[in-house]
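Side chains included, hydrogens not; waters and symmetry mates left out as well; all remaining heavy atoms used. Note that the structure is a prediction, hence the values are computed from the model and not measured. The first residue in the sequence is number 1, and the count goes up from there.
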Amino acid sequence: MPLSVPTSPRALSHTRSIEVQAFQREDGLWDIDTHITDTKTRVADLASGARPAGSPIHDLWLRITIDTHLNIVDAEAVSDAVPYPGYCNTIGPAYKKLIGLNLLRSFRRELKSRLSGTEGCTHLTELAGVLPTAAIQAFAGDVLPTRDGATEDDGAHPPFQIDRCHALRRDGTAVEKYYPRWFLTPKT
């Protein structure tokens with residue numbers, strides 16, 4: 001279902017695009033490539049010079065390499081278009097600070113601690129915030145079992161996604177319907 005029809009006429013001014021791709025590598029690791037662009041529909045007069053309409057103000061890339069336990073084993077950041085060339089695009093090596101973090105264990109707190117403010121690029125750090133959920137989606141069904149009884153533990157543990165979102169809470173009707181043995185009757 002799309003958003004509602006706007007209540008007032010409007011004109012597009014700015015577009016931010018974020019793309020995430022996950023790649024399973026032959027060595028058993030995974031690469032999560034993220035890309036963010038910002039463009040204007042008009043000439044953008046920046047301190048560093050004018051950017052033509054449609055030309056990216058930001059064109060930034062971040063790749064992490066993770067193992068199947070969601071540990072970051074490598075990281076790389078590249079800035080192809082930035083508002084302050086020669087300055088913004090020098091921060092890439094700082095994103096090596098992501099190495100050693102786990103995407104499911106306080107990742108966003110550690111990300112902020114290591115790369116917020118002047119320690120990183122606002123846009124690359126914001127982009128890194130999507131990594132945990134993107135990796136979970138990439139792993140769903142391949143690395144993380146999502147079907148009941150799909151693990152070797154003979155069904156002793158619920159599927160990974162149970163209790164990780166509103167729809168799949170244990171006392172919810174979706175769990176009752178799709179994962180009935182993990183359903184807990186709501187407390188009244």
Side-chain angles (χ1 to χ4, degrees), residues 14-39 55-153 155-168 179:
H14 176 87
T15 299
R16 169 167 282 185
S17 297
I18 295 175
E19 182 178 24
V20 181
Q21 294 182 309
F23 300 90
Q24 187 173 9
R25 298 168 25 149
E26 290 183 1
D27 61 3
L29 299 173
W30 288 68
D31 284 337
I32 310 293
D33 289 5
T34 59
H35 182 216
I36 187 171
T37 59
D38 282 309
T39 57
S55 177
I57 295 168
H58 294 106
D59 188 357
L60 312 173
W61 300 83
L62 176 64
R63 171 183 295 147
I64 60 165
T65 302
I66 57 176
D67 64 20
T68 56
H69 299 286
L70 297 154
N71 296 307
I72 299 174
V73 298
D74 199 7
E76 174 185 7
V78 176
S79 302
D80 288 336
V82 293
Y84 304 100
Y87 302 96
C88 296
N89 51 333
T90 63
I91 196 65
Y95 285 81
K96 292 283 186 190
K97 294 177 184 178
L98 297 174
I99 296 171
L101 297 180
N102 181 281
L103 292 176
L104 292 184
R105 291 190 215 115
S106 303
F107 174 75
R108 290 184 181 102
R109 184 184 73 219
E110 287 297 319
L111 171 66
K112 185 177 179 181
S113 169
R114 296 175 187 207
L115 291 163
S116 67
T118 60
E119 298 301 310
C121 164
T122 300
H123 308 291
L124 284 169
T125 300
E126 179 181 296
L127 186 59
V130 306
L131 292 169
T133 54
I136 294 299
Q137 287 300 310
F139 280 16
D142 289 326
V143 176
L144 298 171
T146 58
R147 302 279 310 214
D148 199 9
T151 62
E152 296 174 6
D153 66 4
H157 296 93
F160 177 82
Q161 67 272 26
I162 302 294
D163 276 338
R164 295 203 184 253
C165 73
H166 170 76
L168 294 176
Y179 305 98

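Contact check for Asn71 versus Leu101: no side-chain heavy atoms found under the 4.5 Å cut-off. In this structure, the side chains of Leu29 and Ile66 stay at 4.5 Å or more apart for every pair of heavy atoms. The closest side-chain heavy-atom distance from Ser113 to Leu111 is not below 4.5 Å. Under the 4.5 Å side-chain criterion, counting only non-hydrogen atoms from C-beta, Cys88 is in contact with Pro83. Between Leu98 and Ile64 the shortest side-chain heavy-atom distance falls below 4.5 Å.
Residue pairs meeting the ring pair (Phe, Tyr, Trp, His ring centres under 6.0 Å) criterion with at least one partner in residues 70-126, sequence neighbours excluded, are His58-His123. Residue pairs meeting the salt bridge (Lys or Arg N to Asp or Glu O under 4.0 Å) criterion with at least one member in residues 99-112, sequence neighbours excluded: Glu110-Arg114. Applying the salt bridge (Lys or Arg N to Asp or Glu O under 4.0 Å) test to pairs two or more places apart or on separate chains, those with a residue in residues 82-99 are Asp74-Lys96, Lys97-Glu119.
Legend: residues meeting salt bridge (charged side-chain N to carboxylate O under 4.0 Å, His left out) with Arg16, ordered by chain and number and at least two apart, are Asp38, Glu126. Applying the side-chain hydrogen bond (donor to acceptor under 3.5 Å, both in side chains) rule to Thr65 yields the partners Asp31; only residues at least two apart in sequence or on another chain are considered. With sequence neighbours left out, the salt bridge (charged side-chain N to carboxylate O under 4.0 Å, His left out) criterion links Glu76 to Arg63.
Trp61 and Asp33 form no side-chain donor-acceptor contact under 3.5 Å, judged by distance and modelled atom types alone.
Thr125 approaches Leu115 most closely through the heavy-atom pair OG1-O, 3.0 Å.
Each of Asp80, Val78, Asp59, Leu127 was evaluated against His35; a single residue qualifies, Asp59, per the side chain to side chain contact (heavy atoms under 4.5 Å, CB included) test.
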